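Okay, so here's the structure we're looking at.
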Amino acid sequence: MEKPSEISERKYKANPNFLLREIGGECVLVPVGDAGVFDNSLISLNDSFGFLWKFFQDSHTVSQAVDAVLAQYSCSKSEAERDIANFVNQSLGYNLIQEEM
Amino acid sequence: MEKKTWIRPQAEVQIFVANEYVAACGDSGTHYKFICDAGSRWSSYNVYLNGPDNLPGTSDDIPWTKNRGTSFSPCGEPHEADVNSDFQSGYMYERGWGGSDSGRRIDVIVWTNGGTNTHCTKELDINSWFTTRS
């Protein structure tokens, strides 16, 4: 498993086969196109996930995401780094986000 | 600016599963639309059903209207019938003197509406009929 410091400089971008929509005040990812295991499903996001999803609509590094989170949310840098690294790793595994080469 | 409280990112996946009783309609509930238009409205006809060999003019054919003591004239009306209804291949002759067969054979598809009536259409390609789903 990669350490946060190793992935912090790679760039990632949200998979365009998922569209973010707000339904009933809740952020939801709607799979369109090739959504893999998420075909025929909806993905409800909490506020933090929604923030990161919007952030990664453009290609960014984990370091940049940490800075953006710290500017908007009350949390420690280590907590943000840990959670964002987990977010990236798991999202990569499900092809929700993709590494930009 | 007051900062929001950070909660680790979480996502909940809701998977939609097709209800087989709704999605798998198949042919059930599909209706054929056809017009009872075989022959002339001002003539009456003897209708026969092709027998088991499904060939017109053979010994196993069923004299449908004669057996019922009736004759057929096209009503010209559109009808809808379930695809599983009793559609049968057959033919008809115009009734001549004494109710005998006269003229040339007219091949038709016969819908008997569960054996209660006789409707005939000239459109013999059942696959070309319009269908609707209920």
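Since we're looking at a predicted model, the values are computed, not measured. Letters A, B, ... mirror the listed sequences (proteins, then strands); counts begin at 1.
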* Structure fact -> One should read off an interatomic distance between B:Gln10 CD and A:Ile43 CD1, to the nearest 0.5 angstrom, of 14.5 Å
* Find out if a path of hydrophobic residues (ILVMFWY) with successive side-chain heavy-atom gaps under 4.5 Å connects A:Tyr12 to A:Phe87. => yes
* Asked: Do B:Thr5 and A:Ser74 have side-chain heavy atoms sitting under 4.5 Å apart?
  -> no
* Does the side chain of A:Asp83 pick up a donor-acceptor pair with the side chain of B:Trp6 at under 3.5 Å? -> yes
* Same hydrophobic cluster for B:Ile35 and B:Val108, using side-chain heavy-atom links shorter than 4.5 Å among ILVMFWY? -> no
* Polar side-chain atom of A:Asn46 near backbone of B:Arg8 as donor-acceptor pair, under 3.5 Å -> yes
* Donor-acceptor under 3.5 Å (B:Lys3 side chain, A:Leu70 main chain) -> yes
* Asked: How about A:Tyr94: does its OH atom have over 12 heavy atoms from other parts shown lying under 6.0 Å from it?
  -> no
* To do: Any chance you could measure B:Glu2, atom CD, to A:Gln72, atom CD, to the nearest 0.5 Å?
  => 12.5 Å
* With the 4.5 Å side-chain cut-off for hydrophobic clustering, are A:Leu92 and A:Phe56 part of the same group? -> yes
* Under 4.5 Å from a heavy atom of chain B, the part of A:Leu45 involved -> both
* Structure fact -> Applying a strict 4.5 Å limit to non-hydrogen atoms, the region of A:Val28 in contact with chain B is neither
* Do you reckon B:Val110 sits in the same ILVMFWY cluster as B:Tyr91, going by side-chain contacts under 4.5 Å, direct or chained? -> no
* CD of A:Glu100: more than 12 outside heavy atoms within 6.0 angstrom? -> yes
